[in-house]
Every structure is written in C-alpha cells, then in structure tokens.
Amino acid sequence: ELVEAQAAYEAGLKANPKDADLSYNLGLVHERLGRRDEAVTAYRAALKQDGKHADAWNNLGVLLEKRRKSPPIDSTAPPKGAKDEGLLAL
C-alpha cells in the first residue's frame, strides 16, 4: 500500500507540482520505505514550495540528524564479528 501511495503522490505532483503537502506526503512514504535520500529530496521540495511547512522542516531536520549520526559504510570492512580469512573464504 505504500508503493500505491507513492504512485498516487507522484501522479498528484505531475498535475500540481507546486503542492507542498503532496511533496511532504511523498517524503513520508519514502521515509517509511527506508529511502532516506529520497525523503530528504521530497521534504526539500515541500520547503521550496512552502518555506513555512513546519512538518517538512521537522522531518528534514530529523533525517539530517540521523544521517549525521550514522557511521559511514565501509564496504571493504568485514561484518562485525566476522573472521577475516582473506581469499581462503572464497
């Protein structure tokens, strides 16, 4: 149902690209789907459309704070607790 909501908000934005509430709601959907970058983009779009959209300001701030506190992903590091067996593991 979240994917359906995403499609509906995207269709609404095509018809009314200046609707801050549609952008905000799209951000909520992205956030619930775990798509933080897309949520940030949607919240920023809502704020561009309405700079006084308090909920968009709040959610954007929360997401940016979460991003700041998240450790960087090091794809070369083995998972925590994994044994480093080098090429022998292949």
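Bear in mind that the values here come from a model prediction, so they are computed numbers and not experimental data. Atoms considered below: every heavy atom in the structure, side chains included; atoms not considered: hydrogens, waters and symmetry mates.
- Under the 4.5 Å side-chain heavy-atom criterion for ILVMFWY residues, a single connected hydrophobic cluster contains both Leu26 and Leu2.
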For residues 60-69, which side-chain donor-acceptor pairs fall under 3.5 Å, sequence neighbours excluded?
| residue | atom | partner | partner atom | Å |
| --- | --- | --- | --- | --- |
| Glu65 | OE1 | Arg68 | NE | 3.2 |
| Glu65 | OE2 | Arg68 | NH2 | 2.6 |
| Arg67 | NH2 | Asp37 | OD1 | 2.9 |

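- Using a 4.5 Å heavy-atom threshold, the side chains of Gln49 and Asp19 count as separate.
- Residues Gly27 and Ala39 share a closest heavy-atom pair of O-CB, 3.5 Å.
- With rounding to the nearest 0.5 angstrom, the NE2 atom of His53 is 8.5 Å from the OG atom of Ser23.
- Residue pairs meeting the salt bridge (charged side-chain N to carboxylate O under 4.0 Å, His left out) criterion with at least one member in residues 47-58, sequence neighbours excluded, do not occur.
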Which donor-acceptor pairs under 3.5 Å do side chains of residues 7-18 form with protein atoms, sequence neighbours excluded?
| residue | atom | partner | partner atom | Å |
| --- | --- | --- | --- | --- |
| Glu10 | OE2 | Gln6 | NE2 | 3.0 |

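- The same ILVMFWY cluster, assembled from side-chain heavy atoms under 4.5 Å apart, contains both Val29 and Leu22.
- Sorted by first and then second residue, the ring pair (Phe, Tyr, Trp, His ring centres under 6.0 Å) pairs with a member in residues 26-46 read Tyr24-Tyr43; sequence neighbours excluded.
- Scored by the side-chain hydrogen bond (donor to acceptor under 3.5 Å, both in side chains) test, Glu1 finds no partners at all (sequence neighbours excluded).
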